[in-house]
Amino acid sequence: MSDVPADQVDAARAYESLFVPALFAQWTEPTASAADLQRGQAVLDVACGTGVLTAEAAERVGASGSVAGVDPNPGMLTVAGERLPAVDWRQGTAEDLPFPDARFDAVVSQFGLMFFQDRGQALREMLRVLKPSGRLAVTVWDRIENIPGYFTEMQLIEKHAGTAAADAVRAPFALGDREGVVDLLRGAGAVSVSATTPSGRARFPSIRTMAEAELRGWLPLMGVSLEEAIIQTILNEAESDLAAYATVSGELDFEVTAHVVAAQKAA
């Protein structure tokens, strides 16, 4: 993907260096375990990003297995390809997976389902490419009200930047109703659906790092651009509003919870 715009690649590298260690790397083990990944299997990672879960899948299936990753963002795939060149990386959407029926033993997706335009269609596609009795595992964030650091930040942003900005912060937590996610999978045709809600930690280098990533990175990505004066006001107040989650060394550390939902394709 040599023709990928440099800004997209730079954004993917920033995501890989900040958000993967701060939030996402810790969920690869429970997601892969929910899919019961085994040596020799063929596995697909949907909305693979820079490949943090794909790497876990590749390690579990070993040299006798195979792994593919699909993502709509070419910048993410470029960085993922640098990390794991042996993986079959494909640009595409979850609603129209570029693979034949019954291709994979397992399909996994970590923190992507909430952003799919048609979640039911995406899940039906994941089941389509699964072999009969193949396993599916998806992980989504819990309700934002149950994740104190982000809930506090969202309230601060809403106070100074309004509802649209706050809604952009809420977007990753849109599937926080665990039973609602279970119903989505069952409605798509999955069987033996079960869910757990393990806890982890969000760890950012500082309060400002997390707040700036939200204000200068995530909000513009969601179509919300703020005036610099508003950004500075929020950054200044974040230091006090989020102080309860700061460590003695100045890092930001708070509990996060996510729903890990496992299912199967009918035999």
Side-chain angles (χ1 to χ4, degrees), residues 1-100 102-116 122 125-126 128-131 134-141 172 200 203 213 217 221 258 260-262:
M1 293 194 176
S2 57
D3 57 345
V4 178
D7 61 339
Q8 291 190 21
V9 178
D10 289 344
R13 293 196 201 287
Y15 168 93
E16 171 75 11
S17 64
L18 177 62
F19 289 107
V20 167
L23 288 172
F24 300 125
Q26 64 194 307
W27 300 101
T28 62
E29 192 283 327
T31 306
S33 293
D36 192 26
L37 301 187
Q38 303 289 332
R39 292 280 173 187
Q41 287 185 327
V43 179
L44 172 63
D45 181 8
V46 178
C48 60
T50 55
V52 61
L53 177 57
T54 328
E56 176 75 16
E59 183 175 343
R60 292 197 181 208
V61 304
S64 60
S66 64
V67 181
V70 171
D71 199 278
N73 187 304
M76 293 285 191
L77 292 172
T78 297
V79 175
E82 293 169 353
R83 179 180 190 173
L84 291 169
V87 168
D88 179 9
W89 302 109
R90 305 280 188 98
Q91 185 175 355
T93 66
E95 294 87 350
D96 187 19
L97 293 174
F99 296 100
R103 167 69 177 81
F104 298 99
D105 298 292
V107 174
V108 293
S109 184
Q110 180 173 290
F111 302 115
L113 183 60
M114 58 281 267
F115 297 115
F116 299 157
E125 276 289 277
M126 293 183 206
R128 177 186 65 79
V129 301
L130 270 176
K131 297 175 182 178
R135 292 190 63 82
L136 170 65
V138 297
T139 298
V140 298
W141 292 117
R203 294 187 175 95
L221 186 65
V260 180
V261 186

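All figures in this text were calculated on a predicted structure; none of them were measured in a lab.
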> Got a sec, which residues hit side chain to side chain contact (heavy atoms under 4.5 Å, CB included) with Ala25, two or more places apart in sequence or on another chain?
Replying inline: Val20, Val52
>> According to side-chain hydrogen bond (donor to acceptor under 3.5 Å, both in side chains), who are the partners of Ser17, at least two apart in sequence or on a separate chain?
In response: none
> By salt bridge (charged side-chain N to carboxylate O under 4.0 Å, His left out), which residues pair with Arg103, not counting sequence neighbours?
Replying inline: none
>> Within the 4.5 Å heavy-atom criterion, are Gln91 and Met76 side-chain neighbours or not?
In response: no
>> Test of understanding: with salt bridge (charged side-chain N to carboxylate O under 4.0 Å, His left out), list the residues that count as partners of Glu59, not counting sequence neighbours.
In response: none
> Partners of Ala58 by side chain to side chain contact (heavy atoms under 4.5 Å, CB included), sequence neighbours excluded?
Replying inline: Val67
> Under the salt bridge (charged side-chain N to carboxylate O under 4.0 Å, His left out) test, which residues partner Glu82, sequence neighbours left out?
Replying inline: Arg13
> What pairs with Asp88 under salt bridge (charged side-chain N to carboxylate O under 4.0 Å, His left out), at least two apart in sequence or on another chain?
Replying inline: Arg90
>> Does anything in residues 18-27 form a salt bridge (charged side-chain N to carboxylate O under 4.0 Å, His left out)? List the pairs, not counting sequence neighbours.
In response: none
>> Tell me every residue that passes side-chain hydrogen bond (donor to acceptor under 3.5 Å, both in side chains) with Asp10, counting only those two or more places apart in sequence or in another chain.
In response: none
> Does anything in residues 65-77 pair up under salt bridge (charged side-chain N to carboxylate O under 4.0 Å, His left out), and if so which pairs, sequence neighbours excluded?
Replying inline: none
Residues 39-46, side-chain donor-acceptor partners within the protein, below 3.5 Å, at least two apart:
unit_1	atom_1	unit_2	atom_2	d
Gln41	OE1	Gln38	N	2.8
Asp45	OD2	Thr54	N	3.2
Asp45	OD2	Thr54	OG1	2.7

> Quick one: salt bridge (charged side-chain N to carboxylate O under 4.0 Å, His left out) pairs with a partner in residues 15-26, sequence neighbours left out?
Replying inline: Glu16-Arg83
